[in-house]
Amino acid sequence: MDAKSITCKNILMISLQVGNGNSRGHMNPLISVAQQLVAWGHRVHWLALPHNMPVDVVKQLTSDGIEVIDSPPLSSERVKKPAELAKLALDTEKNWQAYQSFLLDPIEEQLDETMKKIKAIQPDVIALDTIVYTGKIAAHLLHVPYVGICAGLKLLGGPDLHPDYMGNLTPLLPLRAMIFKKYRMNAHFRLLEAVSPYANVVFTTKDFVMHQSIPNHTFLVGPSMPLQNRGGEGKITLPQIKHRPLIYMAFGSVLSKEPLADLINPLLEVASMLDMDFLIVSEYFSANPIDLSPNVVIEPMVPQLEVLNKADVFITHGGANSIMEGLSYGVPMIVVPLSSDQPLQGRLVEEAHVGITIQRKDFTSDSIQQAIRSLLDPQSPYHHHIQSIQQAYARQNGRVNAAHIILEEGSKHVRTSDHRSNW
């Protein structure tokens, strides 16, 4: 089917934006798909919930030809500040409060205005982050078809929150059930993700997730890599010719502001003993400089894809976007789950033999050295498995495949006069 001639033309992307900081793990896969839709000549709008996106991201999306819509007003006390959210995310007893703050609490205040914005846009289809409940309820009430875009792998998780999610999130479940009952919705969930009855997209392949259970109407489309520059990721100059291995450490845009000294310090100790280069992403330590070995560089933000193209080992918190990009570039990983669904990614990395998962309490200079040496050993099985999955990812263009699914689903349900009565 020719993507340019397909009937569906007007698409609304709805993404999760936690606080006024970066939510890169939720934005990046959707940005790539939006770029593809615009390149095919379709009109794409973007609405972030519950907050507006950072100015630099809005500027980048606008330059890509995407029409960014302001988020509905939200009381300042309704959602916790980014610093408090980051601390709650790392607290295994209270982390459910962070999710309540940005998933459940804004619904009542923002739902009517969200519906007004959707009516004004009159989209043929919505591409909706599966964890944005306000968007799901609004689409349901307006009878607008929506494709669930899972920014991670959580649609493939088990029936229970534990052990795929870190901490205790069970207090969320009765609160969520009450909200969906209020709007007479019989919603189906995988972990915290709301499954669309139309179609759902997960940016991976069967080669990586293997025996995971796949919900109905769900497609594994491959990695979502950008059509062009995503913007807002900083700049760095990497040597054209490498003389020694490059170890890259990044723990995501949300946690980059946290000290994480129990993770950074052991790695710095290892760096002082190994003839390798180390690149660490940390907004905290960039703002609070410390003495470093000559082979260590700390940056507040880097263009991750450019770095992964040079990296030999990737030390990550296990965010699904980071895992997807590491696999796409064939970089073996050390996963240190810190919060949310990162245990799920850590388990999948181990099961696929593309990396080593180390629990935070076990992340010591000895365990780091042992893991790095194992992953760099050309005779280790990790190299064979990571190359195999990299090749599988290269065969599947998730950006293009997801864009096709969105257009096809929208075309099945092109607005009729009956549908438009809901506007």
Side-chain angles (χ1 to χ4, degrees), residues 21-22 24-25 56 81-87 89-91 232-319 322 325-326 329 331-339 342 355-377:
N22 275 318
R24 279 283 171 185
D56 62 325
K81 299 294 186 290
E84 185 178 0
L85 284 173
K87 286 183 170 54
L90 295 172
D91 187 329
E233 294 185 297
K235 297 180 180 179
I236 191 169
T237 301
L238 296 170
Q240 295 301 308
I241 301 176
K242 293 199 312 175
H243 299 285
R244 53 190 180 181
L246 172 61
I247 313 301
Y248 169 50
M249 178 191 226
F251 286 134
S253 55
V254 173
L255 297 179
S256 183
K257 297 178 176 64
E258 295 298 304
L260 303 179
D262 60 320
L263 304 175
I264 302 289
N265 289 340
L267 187 66
L268 294 178
E269 182 181 345
V270 170
S272 68
M273 297 184 285
L274 298 180
D275 184 28
M276 302 177 186
D277 290 317
F278 290 77
L279 172 59
I280 301 172
V281 177
S282 171
E283 289 187 47
Y284 178 87
F285 280 104
S286 292
N288 302 273
I290 56 176
D291 292 334
L292 300 172
S293 303
N295 61 333
V296 178
V297 174
I298 294 182
E299 295 285 350
M301 190 179 300
V302 299
Q304 180 154 289
L305 299 184
E306 183 181 340
V307 173
L308 287 173
N309 193 39
K310 299 279 188 179
D312 296 281
V313 172
F314 182 18
I315 304 176
T316 171
H317 60 317
S322 293
E325 293 175 353
Y329 280 85
V331 185
M333 289 167 275
I334 299 173
V335 180
V336 189
L338 300 180
S339 65
Q342 293 153 21
I356 297 169
T357 295
I358 303 176
Q359 298 306 316
R360 185 173 188 172
K361 63 182 177 58
D362 300 322
F363 194 74
T364 64
S365 59
D366 288 341
S367 66
I368 298 168
Q369 281 196 72
Q370 182 178 348
I372 289 176
R373 294 188 190 282
S374 295
L375 296 179
L376 290 178
D377 181 358

| Going through the checks in order, is the side chain to side chain contact (heavy atoms under 4.5 Å, CB included) test met by Leu263 and Val336? | CA-CA 9 Å; Leu263 304 175; Val336 189; 4.1 Å; yes
| field | With sequence neighbours excluded, residues passing salt bridge (Lys or Arg N to Asp or Glu O under 4.0 Å) with Glu299 | value | none
| Between CD on residue Glu258 and NZ on residue Lys87, distance to nearest 0.5 Å | 4.5 Å
| task | Please report the shortest heavy-atom distance between Pro337 and Thr357, naming the atom on each side. | result | CD-CG2, 3.9 Å
| request: Could you tell me which non-hydrogen atom of Ala261 sits nearest to which non-hydrogen atom of Pro266, and how far apart they are? | output: O-CD, 3.8 Å
| query | Can you check whether Ser282's main-chain N or O pairs, donor with acceptor, with Ser286's side chain at less than 3.5 Å? | reply | yes
| query | Under 3.5 Å, side chain of Ser322 to main-chain N/O of Gly318, donor-acceptor pair present? | reply | no
| note | Nearest heavy-atom contact between Val270 and Phe278 is CG1-CZ, 4.2 Å
| request: Could you tell me which residues satisfy side chain to side chain contact (heavy atoms under 4.5 Å, CB included) with Asp362, sequence neighbours excluded, listed by chain and number? | output: Ile358, Gln359
| What residues form a side chain to side chain donor-acceptor pair (under 3.5 Å) with Ser367, not counting sequence neighbours? | Thr364
| request: Check salt bridge (Lys or Arg N to Asp or Glu O under 4.0 Å) between Glu269 and all other residues, then give those that pass, not counting sequence neighbours. | output: none
| remark: Separation between CD (Gln304) and CD (Glu325), nearest 0.5 Å, reads 5.0 Å
| query | Who passes ring pair (Phe, Tyr, Trp, His ring centres under 6.0 Å) against Tyr248, sequence neighbours left out? | reply | Phe314
| field | Closest approach of Ala371 to Ile334 (non-hydrogen atoms, all atoms of both residues) | value | CB-CD1, 3.6 Å
| task | Could you tell me the separation between the CD1 atom of Ile368 and the CE atom of Met249, rounded to the nearest 0.5 Å? | result | 6.5 Å
Determine all donor-acceptor pairs shorter than 3.5 Å in which one atom belongs to a side chain in residues 288-298; sequence neighbours excluded.
unit_1: Asn288; atom_1: ND2; unit_2: Tyr284; atom_2: O; d: 2.8
unit_1: Asn295; atom_1: ND2; unit_2: Ala271; atom_2: O; d: 2.9
unit_1: Asn295; atom_1: ND2; unit_2: Leu274; atom_2: O; d: 3.4
unit_1: Asn295; atom_1: ND2; unit_2: Met276; atom_2: O; d: 2.7

| For Leu90 and Leu338, which heavy atoms make the closest approach, and how far apart are they? | CD2-O, 3.7 Å
| request: Evaluate side chain to side chain contact (heavy atoms under 4.5 Å, CB included) for Ile280 paired with Ile247, printing each intermediate quantity in order. | output: CA-CA 8 Å; Ile280 301 172; Ile247 313 301; over 6 Å; no
| message | Restricting to salt bridge (Lys or Arg N to Asp or Glu O under 4.0 Å), what partner residues turn up for Asp262, sequence neighbours left out? | response | Arg360
| said: Minimum heavy-atom separation for Gly355 and Leu375, please, with both atom names. | reply: CA-CD2, 4.1 Å
| query | Is the backbone of Ser339 close enough, under 3.5 Å, to the side chain of Gln342 for a donor and an acceptor to pair up by distance? | reply | yes
| message | Applying salt bridge (Lys or Arg N to Asp or Glu O under 4.0 Å), can you list everything that pairs with Arg373, at least two apart in sequence or on another chain? | response | none
| Are any of the side-chain heavy atoms of Phe251 and Val281 separated by less than 4.5 Å? | no
| said: What's the separation between atom CG in Leu267 and atom CG in Leu260, rounded to the nearest 0.5 Å? | reply: 12.0 Å
| task | Report the C-alpha separation of Glu306 and Val302 in whole Å, then their side-chain angles, then the decisive distance to 0.1 Å, and conclude whether the side chain to side chain contact (heavy atoms under 4.5 Å, CB included) test is met. | result | CA-CA 8 Å; Glu306 183 181 340; Val302 299; over 6 Å; no
| query | Is there side-chain contact between Leu246 and Leu279, with heavy atoms separated by less than 4.5 Å? | reply | yes
